[in-house]
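Note sheet for the following structure.
Since the structure is predicted, the reported quantities are computational estimates derived from the model, not experimental observations. Every chain is numbered from 1 and lettered A, B, ... according to where its sequence line falls, protein lines coming before strand lines. Hydrogens, waters and symmetry mates play no part in the numbers below; they use all other heavy atoms, side chains included.
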Protein chains: 2
Amino acid sequence: MSRAAEAERAAPSGQLMQIGEVAEHLGLTPRTLRYWEEKGLLPPAERMEGGFRLYSPADVERLERIAQLKKLLGFSLAEIRTVVEADEELQALKRQSRAETSPAKQRARRERAVAILTEQIAILDNHIAQMQALREGYEARIRRLRELLDESGGRAAE
Amino acid sequence: MSRAAEAERAAPSGQLMQIGEVAEHLGLTPRTLRYWEEKGLLPPAERMEGGFRLYSPADVERLERIAQLKKLLGFSLAEIRTVVEADEELQALKRQSRAETSPAKQRARRERAVAILTEQIAILDNHIAQMQALREGYEARIRRLRELLDESGGRAAE
DNA sequence: CCATTTCTTGACGTTAACGTAAGGGTTGTG
DNA sequence: CACAACCCTTACGTTAACGTCAAGAAATGG
């Protein structure tokens, strides 16, 4: 047992995870995470002294969403980046909001955040609607088939 | 005006269309259609004497669905082929059903068709559900922001 | 301090899904 | 039949999204 039972390497410091761990958690490879970073899908990621990447729980969460978007929407990374950038703007707004003393500015930022989220939702809704339309097509075909089945079998059991 | 106003070339015979027309109709290129055919996403397509491809309205419809699936699900062509193959099986079932004299066999085929369609719907439902979950996440964040907005703005103007 | 493991940055390889160009037939029209 | 517009196949080029390999540093347990 070189390192089987104890995954103690997993805790470089508090909650922070290294790239390998994150990758495994997401079912991806370290290479993919570096590639995504290179392409600007996530902020350059913190490093520890020697240059090893460290991911916060928030980072991991963001990565999870990216992975989901990729799977669900089938967008290219470039397209996903625009979505993620909006997301990032949200994070920035949050941080600024906390530091912000003026209630008026806070309000403005929050309203902007709502606008961004609303836009993201619209994108999703669009996709959902199209998929439901497709689904409806399939259902219609099923109904027609069911009618035929009922005609031929509904009367008697034979 | 060499051929602007009159797209008479569009009708080689009745309803059949040539590759260029179909491509334009779908917002794709001829190359893409040939590639799809090469990859088995559609049946080898009818040809006219000289070897020009001819597409029936049914073919076009099938192509429309393929294009939609690609856009919506982001599946690879290989994955889409499995979906399309199911679809094709349906078409075959339909044709056989008409030629089929035995009501029992007809029934069996139709039930099989329903099963196939149900499976396709399940795939779509799965995707839809995941997207709705994502959507719900965004909505929750909006609600939290709205609460904050109401707090700061609902009581007094300050 | 040493061994082992995990990380780092290149750099080149790979696959899918086409784009593009070459060379040459086919079709419909005048 | 001549001609433009379209189509055919073949083949090589391209881009995205990684995979893989190499050489070397950094972390950690003993």
Between B:Tyr55 and B:His25, is the ring centre distance below 6.0 Å?
no
Atom-to-atom span, CZ of B:Arg34 to P of C:dC18 - whole angstrom:
14 Å
Check the distance between D:dC8's P and B:Glu37's CD and give it to me in whole angstrom.
9 Å
Looking at B:Glu136 and B:Arg143, is any side-chain nitrogen of the basic one under 4.0 Å from a carboxylate oxygen of the acidic one?
yes
Check the distance between C:dC18's P and B:Leu63's CG and give it to me in whole angstrom.
12 Å
Assert: residue with more 5' nearest nucleotide on DNA chain D, out of A:Thr32 and A:Gly51, is A:Thr32
Nearest heavy atom decides the nucleotide; on that basis, is A:Arg31 or A:Phe52 closer to the 5' end of DNA chain C?
A:Phe52
If the cut-off is 4.0 Å, is B:Thr29 near the phosphate of C:dG19, judged by side-chain N/O to OP1 or OP2?
yes
Identify whether the distance between the nearest side-chain nitrogen and carboxylate oxygen of A:Glu111 and A:Arg107 falls below 4.0 Å.
yes
Whole-Å distance separating the CD1 atom of B:Ile80 from the P atom of C:dA17
8 Å
B:Gln18 has a side chain; which of C:dC7, D:dT9, D:dC6 sits nearest to it?
D:dC6
Euclidean distance, atom CG of residue B:Leu33 to atom C1' of D:dC7 [Å, nearest integer]:
13 Å
Quick one: closest heavy-atom pair of A:Leu72 and B:Leu134, and the distance?
CD1-CD1, 3.7 Å
For atom CD1 of A:Ile19 and atom C1' of C:dT6, their distance in whole Å
11 Å
Between A:Arg81 and A:Glu85, is the closest basic N to carboxylate O distance under 4.0 Å?
yes
Are any of A:Arg53's side-chain N or O atoms less than 4.0 Å away from OP1 or OP2 of C:dT8?
yes
Picking from C:dC18, C:dA17, D:dG19, the nucleotide nearest the side-chain atoms of B:Ser76 would be C:dA17
Whole angstroms only, please: what is the CZ-C1' distance between A:Arg47 and C:dC7?
10 Å
Check the distance between C:dA16's P and B:Lys70's NZ and give it to me in whole angstrom.
13 Å
